[in-house]
Amino acid sequence: MLNRRHIRIKVMQSMYAFKGTESDDLLREQKFLLHSLESMYDLYLAQLVLIIELHKKSKDHNERIQNKLVKSEADKNLNLNFQENQLLHLISSNTMLQEAIASRKLNFWHLDFEYVDILFKEILKSELYRDYCLEKDSSFKKDKHFIIDVFTEIIAPNEKLYDFFEDKKLTWVDDLPVVNTAILRILRKLKLTSPETALLPDLFKDEDDLDFGKELFQKTFLNNSNFTDEIATKTTNWDSERLASIDDVLLKMAICEFQKFPSIPVKVTINEYLEIAKEYSTPKSSLFINGILDKIVKEYQADNKYLKSGRGLM
């Protein structure tokens, strides 16, 4: 579910939260990082539970209308497309998903039902829903497109839901874009014949990615002072008070990759941190970081230091 850029972002956030020195408790700080990474999976599952609760809401909504003693013409011609949506049935009936949700105690929507109500009302009054109700011939493909559109245009951008997740767990705010992208990617790949495990992806592609995250944090943490000194020598004409905290963290992580990760090409490291800076720091940060890293790389190359291993690396 996570790629290495996502992992770098989580390490950046953990380093940004860390304000101490190398003498502080590394294991405690690393535990915070691993918990932060794991909580992304909780957010992923919580979003799927929300989709399941919206499906339940559609059933309850239709039952109330059907049980009316006096029905309008619209009530008599009740549209069941949402309730009968095949993708929603596939998600709601996934027993492995239900077990994962229960084991992590993530079905909190019955307590925070107002958010389900808000989203359901938004769906019912949307053009997406009106167009979907006009569909005469149902298919899994059409049902899937509808749910993907609902998630993209109604659920993901909802500000009240955003505020709810921020109150629920502070780190979830930064995780939402990554998790929402993962959900859409998984939904697009789903088929009626997909195994239940298709909705339960591994958080990391493999053990190497998890090890990369832990090592990047450990080595940046343990060499924090050395990296601070190195940055200082490249920013002598720059007021340290004006160096954005995020930029400082990103520079240290990049230097760490230069020095401690011989298999990662320099260009990959630079490109990754420039992209992260564009998203998380100031408008001019990527130019500043690029300038500093360029100086450092040229110095390493001139001194024949920290050479990269592997064919075609520099």
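Since this is a predicted model, take the numbers as computed values, not measurements.
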Spacing of CE belonging to Met1 relative to CG belonging to Leu200, to within rounding of 0.5 Å = 10.5 Å

Correct closest heavy-atom pair for Pro262 and Leu307 would be CB-O, 4.4 Å

Within 6.0 angstrom of Phe113 CZ, more than 12 heavy atoms from elsewhere = no

Is the backbone N or O of Asp209 less than 3.5 Å from a side-chain atom of Asp206, with the two atoms forming a donor-acceptor pair by type?
-> yes

Check against ring pair (Phe, Tyr, Trp, His ring centres under 6.0 Å), Tyr300 and Tyr306 | CA-CA 7 Å; Tyr300 289 169; Tyr306 307 116; 4.8 Å; yes

CD/Glu215 to OG1/Thr220 distance, rounded to the nearest 0.5 angstrom?
-> 11.0 Å

Under 3.5 Å, side chain of Lys252 to main-chain N/O of Met15, donor-acceptor pair present?
-> no

Please lay out, stage by stage, how Asp117 and Lys121 fare under the test salt bridge (Lys or Arg N to Asp or Glu O under 4.0 Å).
-> CA-CA 6 Å; Asp117 291 343; Lys121 288 174 183 176; 5.9 Å; no

Output for pair (Ser58 OG, Ile123 CD1), nearest 0.5 Å, gives 9.0 Å

Could you please spell out the steps behind the salt bridge (Lys or Arg N to Asp or Glu O under 4.0 Å) verdict for Lys234 and Glu299?
-> CA-CA 11 Å; Lys234 304 299 181 295; Glu299 184 178 287; 3.4 Å; yes

Does atom NZ of Lys160 have more than 12 heavy-atom neighbours from other groups under 6.0 Å away?
-> no

For Asn180 and Gln47, test the side chains for any donor-to-acceptor distance below 3.5 angstrom and give the result as yes or no.
-> yes

Steps toward salt bridge (Lys or Arg N to Asp or Glu O under 4.0 Å) verdict (Asp60, Lys56) | CA-CA 6 Å; Asp60 294 342; Lys56 289 179 183 176; over 6 Å; no

Please say whether more than 12 non-hydrogen atoms of neighbouring residues, nucleotides or ligands are located less than 6.0 Å from NZ in Lys169.
-> yes

From the list Arg4, Lys10, His6, side-chain contact (heavy atoms from CB on, under 4.5 Å) with Arg8 holds only for Arg4

Any luck finding a side-chain donor-acceptor pair between Gln218 and Glu29 under 3.5 Å?
-> no

Given the rule in the side-chain contact (heavy atoms from CB on, under 4.5 Å) test, do Leu50 and Tyr115 qualify, once you have shown the distances and angles that lead to the verdict?
-> CA-CA 9 Å; Leu50 177 58; Tyr115 295 96; 5.6 Å; no

Does any N or O in the side chain of Gln98 come within less than 3.5 Å of the main-chain N or O of Ser92, such that one atom is a donor and the other an acceptor?
-> yes

Measure the OG-CD1 distance between Ser126 and Ile154 for me, rounded to the nearest 0.5 Å.
-> 4.0 Å

Have Ser138 and Glu84 got a donor and an acceptor in their side chains that come within less than 3.5 Å?
-> no

Give the C-alpha distance, both sets of side-chain angles, the deciding distance and a yes or no for side chain to side chain donor-acceptor pair (under 3.5 Å) between Glu196 and Thr95.
-> CA-CA 8 Å; Glu196 290 198 335; Thr95 54; 2.9 Å; yes

Minimum side-chain heavy-atom gap Glu230-Asn226 below 4.5 Å | no

Check whether the side chains of Ser285 and Thr282 place a donor and an acceptor atom closer than 3.5 Å, and report yes or no.
-> yes

Worked check of side-chain contact (heavy atoms from CB on, under 4.5 Å) between Ile91 and Leu187 = CA-CA 10 Å; Ile91 297 171; Leu187 293 182; 4.0 Å; yes

Taking Ser194 for the side chain and Leu190 for the main chain, is one N or O donor matched with an acceptor at less than 3.5 Å?
-> no

Kindly give the heavy-atom pair with the smallest separation between Leu87 and Asn85, and that separation in Å.
-> N-OD1, 3.0 Å

pair Glu53-Lys57: side-chain heavy atoms closer than 4.5 Å = no

Do the side chains of Cys256 and Leu216 get nearer than 4.5 Å, heavy atoms only?
-> yes

Thr197 OG1 to Asp202 CG distance, which is reported to the nearest 0.5 Å = 9.5 Å

Heavy-atom side-chain contact between Leu250 and Leu274 under 4.5 Å | no

Would you check if Leu54 and Val150 make a side-chain contact, meaning some heavy-atom pair closer than 4.5 Å?
-> no

I would like to know whether Lys59 and Arg64 meet side-chain contact (heavy atoms from CB on, under 4.5 Å); could you show each step before the answer?
-> CA-CA 9 Å; Lys59 296 176 183 178; Arg64 281 197 298 273; over 6 Å; no

Residue that, paired with Val179, satisfies side-chain contact (heavy atoms from CB on, under 4.5 Å) out of Ile183, Thr181, Leu176 = Ile183

Any idea which heavy atoms bring Phe258 and Val266 closest together, and the distance?
-> CE2-CG1, 3.9 Å

Please check if the side chain of Arg130 supplies one atom and the backbone of Lys125 the other of a donor-acceptor pair under 3.5 Å.
-> yes

Measuring from Leu48:CG to Asn94:CG, what's the distance to the nearest 0.5 Å?
-> 9.0 Å

Does a donor on one side chain sit under 3.5 Å from an acceptor on the other, for Ser263 and Lys308?
-> no

Do the non-hydrogen side-chain atoms of Leu26 and Phe217 ever get within less than 4.5 Å of each other?
-> yes

Between Leu287 and Ile255, is there a shared hydrophobic cluster once you connect ILVMFWY residues whose side-chain heavy atoms come closer than 4.5 Å?
-> no

Transitive ILVMFWY side-chain link Tyr16 to Val173, under 4.5 Å = yes

Taking the six-membered ring of Phe261, is NZ or CZ of Lys219 closer than 6.0 Å to its centre and within 45° of its axis?
-> yes

Answer with yes or no whether the hydrophobic clustering places Phe32 together with Ile9; edges join I, L, V, M, F, W, Y residues whose side-chain heavy atoms lie under 4.5 Å apart.
-> no

Any luck finding a side-chain donor-acceptor pair between Asp143 and Tyr132 under 3.5 Å?
-> yes

Step by step, would you call Asn3 with Lys205 a side chain to side chain donor-acceptor pair (under 3.5 Å)?
-> CA-CA 7 Å; Asn3 59 38; Lys205 183 180 69 175; over 6 Å; no

pair Asn81-Glu135: side-chain heavy atoms closer than 4.5 Å | yes

Are Trp109 and Phe164 near enough that their ring centres are under 6.0 Å apart?
-> yes

Determine whether Glu257 and Glu272 make a side-chain contact, defined as any pair of heavy atoms from C-beta on separated by less than 4.5 Å.
-> no

Aromatic ring proximity, centroids under 6.0 angstrom, Tyr44 and Tyr41 = yes

How close do Gln83 and His55 get, heavy atom to heavy atom, and via which atoms?
-> O-NE2, 2.8 Å

Taking Trp172 for its side chain and Asp42 for its backbone only, find out whether a donor-acceptor pair lies under 3.5 Å.
-> no

Which atom names give the shortest non-hydrogen contact between Leu80 and Gln66, and what distance separates them?
-> CD2-NE2, 4.3 Å

So, for Lys191 and Leu90, which heavy atoms are closest and what is the spacing to 0.1 Å?
-> O-CD2, 3.5 Å

Side chain Asn290, main chain Ser286, donor-acceptor under 3.5 Å = no

